[in-house]
J.: 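Before I ask anything, let me first share the structure, which is written out below as structure tokens.
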Number of protein chains: 2
Amino acid sequence: MERELLLLGLLRQGEMHGYQLHDFIERNLAFCTDLKKATAYLLLERMAEKGWVTVQETREGHRPPRRVYRLTPEGEAAFQQLLRENLAHFEAAKTGSDVGLAFVDALPRAEALRLLEQRRAAVAEQLAAFQAAPEHSGGYQLLIDHQQHYLRSELAWLDAVLARLREGRLRFANPSSRKSRLQGEERP
Amino acid sequence: MERELLLLGLLRQGEMHGYQLHDFIERNLAFCTDLKKATAYLLLERMAEKGWVTVQETREGHRPPRRVYRLTPEGEAAFQQLLRENLAHFEAAKTGSDVGLAFVDALPRAEALRLLEQRRAAVAEQLAAFQAAPEHSGGYQLLIDHQQHYLRSELAWLDAVLARLREGRLRFANPSSRKSRLQGEERP
DNA sequence: CAATGACTAGTCAGAACTGACTATTCATGA
DNA sequence: TCATGAATAGTCAGTTCTGACTAGTCATTG
């Protein structure tokens, strides 16, 4: 859905072939979507069937033929529609990284601390990478701004958690209280 | 990967059958992972093959037979391993909602404003829902704390963007400058 | 009581996605 | 000059995931 929005959005700026689209996304937008090459080709084909883009096969020398995609007026309409929907709604981001937090208390406190410090370093590193890239080659400044904001927020939260852990203010449940939580609180 | 961590983590607290696991996740952890029923069954089956859990089929009356899963020592080891990896690493969360931001400048300013205000309301609503649930029935306080922090941060960022939009401080690129950005900056 | 709708439990065909691959061209330097 | 590796371009077999379904049970109520 938003993958299509992305492809359409890129195609608005001029015709392109699949490899080019995928490559651009990989290089510049990998931080906000992950679209594999095969998936990109699949979506483009499907959008061609829907009449959102036209395909034109070209060949240079003995290279495999390129399929060049170009936005149609219907494609532009679909883009507008998808964009409106996308902007108006909000879906909270989901990370696999969250899950582990549910179980920190399964580890010795000291180890939890060590591991979360590693995580903190990882976040800091990603943030630094973003701040290093000066005005980012691809444009899309809002996206980058958002990502930086997000990473800073993660960092702040992790710092707060680490502080609580260090000061022992983080409750490590014992197994029995855990069990009762899971089964549901109703029975006393 | 983290889906398995989650299932193992829940199974540590006592044997359960597939439906129960899925149901618990749906009710209490839907905000941080989305694991469909069929996927849960698939993963459990696979974990059984790997020897991480044992299965015991039981039947009550004419109901379809239940498969009750119980963690094995190997399962506990795997859990520990996955948990350590999970805690030590960080993978930035990805949302489809981000993509649209790349193209706000394709809409008239006033409409972009209206749509993003809708989005803001959606975020605020989700946040309110979290704050309403008092100490959340399922426990997992860290997760909830994290989610609230995340939502507050999104809200703040959106507010900043909206302010910039209202004051006209947000650059709406014209098509030609967009194009040159896409093709790459190298050629002048 | 019988009909209705919600809950429990799980299955499966098919949609969606991806890792690994082929095959050509181009740049590099030993 | 001719291996080596990177870049270009795309395909496909196989895995992963999910929407929609079956089917029994329970609670309610008209």
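It should be emphasised that the depicted structure is a prediction, and the values quoted were computed from it without experimental measurement.
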J.: So, Tyr19(A) versus Tyr41(A), ring centres under 6.0 angstrom or not?
T.: no

J.: dG19(D) P sits how many Å from Tyr41(B) OH, rounded?
T.: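 Nearest whole value for this atom pair: 16 Å.
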
J.: I need the CD-C1' distance between Glu26(A) and dA7(D), as an integer number of Å.
T.: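 Value for this atom pair: 13 Å.
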
J.: If you compare every side-chain N and O of Arg46(B) against the phosphate oxygens of dT16(D) (OP1, OP2), does one of them come in below 4.0 Å?
T.: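 Checking Arg46(B) against dT16(D): at least one side-chain N or O falls below 4.0 Å of OP1 or OP2.
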
J.: Could you tell me the separation between the CD atom of Gln56(A) and the P atom of dG10(D), rounded to a whole number of Å?
T.: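 One finds 13 Å between P of dG10(D) and CD of Gln56(A), rounded.
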
J.: Is any side-chain nitrogen or oxygen of His22(B) closer than 4.0 Å to OP1 or OP2 of dT8(C)?
T.: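 Negative; the distance criterion is not met.
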
J.: Mind calculating the distance between CD1 (Ile25(A)) and P (dT18(C)) to the nearest angstrom?
T.: 12 Å

J.: Round to a whole Å and report the spacing from CG of Leu35(A) to P of dG19(C).
T.: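 It is 12 Å, rounded to the nearest whole Å.
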
J.: Where do Glu4(B) and Lys50(B) land on the salt bridge (charged side-chain N to carboxylate O under 4.0 Å, His left out) test, with the steps shown first?
T.: CA-CA 12 Å; Glu4(B) 294 190 332; Lys50(B) 284 194 275 195; 3.3 Å; yes

J.: From dG10(D), dT16(D), dT18(C), pick the nucleotide closest to the side chain of Arg66(A)?
T.: dG10(D)

J.: Atom CG of Leu44(B) to atom P of dT11(C): distance rounded to whole Å?
T.: 11 Å

J.: For Asp23(B) and dC7(C), give me the distance from atom CG to atom C1', rounded to whole Å.
T.: 9 Å

J.: Can you identify which nucleotide, out of dT11(D), dA9(D), dT8(D), has its nearest atom closest to the Ala38(A) side chain?
T.: dT11(D)

J.: Looking only at side-chain N and O atoms, does Glu154(A) offer a donor or acceptor that is under 3.5 Å from a partner on His149(B)?
T.: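 Checked: His149(B)/Glu154(A) side chains show no N/O donor-acceptor pair below 3.5 Å.
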
J.: Between dG10(C), dG10(D), dT18(C), which nucleotide gets closest to the side-chain atoms of Lys37(A)?
T.: dG10(D)

J.: So, under a plain 3.5 Å distance rule, would you say the side chain of Lys36(B) forms a donor-acceptor pair with the base of dG19(D)?
T.: no

J.: Decide if the gap between the ring center of Phe79(A) and the ring center of Phe103(B) is smaller than 6.0 angstrom.
T.: yes

J.: According to a strict under-4.0 Å criterion, is Tyr19(B) in side-chain N/O contact with OP1 or OP2 of dG10(C)?
T.: no

J.: Measuring from the side chain of Arg27(A) (C-beta onward, heavy atoms only), which nucleotide among dC12(D), dT8(D), dT16(D) has the closest atom?
T.: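 Ranking dC12(D), dT8(D), dT16(D) by closest atom to the Arg27(A) side chain puts dT8(D) first.
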
J.: In whole Å, I'd like the distance from the CZ atom of Arg3(B) to the C1' atom of dT18(D).
T.: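 Rounded to the whole Å, the gap is 10 Å.
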
J.: Checking Asn28(B) side chain against Phe24(B) main chain: does a donor-acceptor pair fall under 3.5 Å?
T.: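 Side chain of Asn28(B) to backbone of Phe24(B): a pair is present.
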
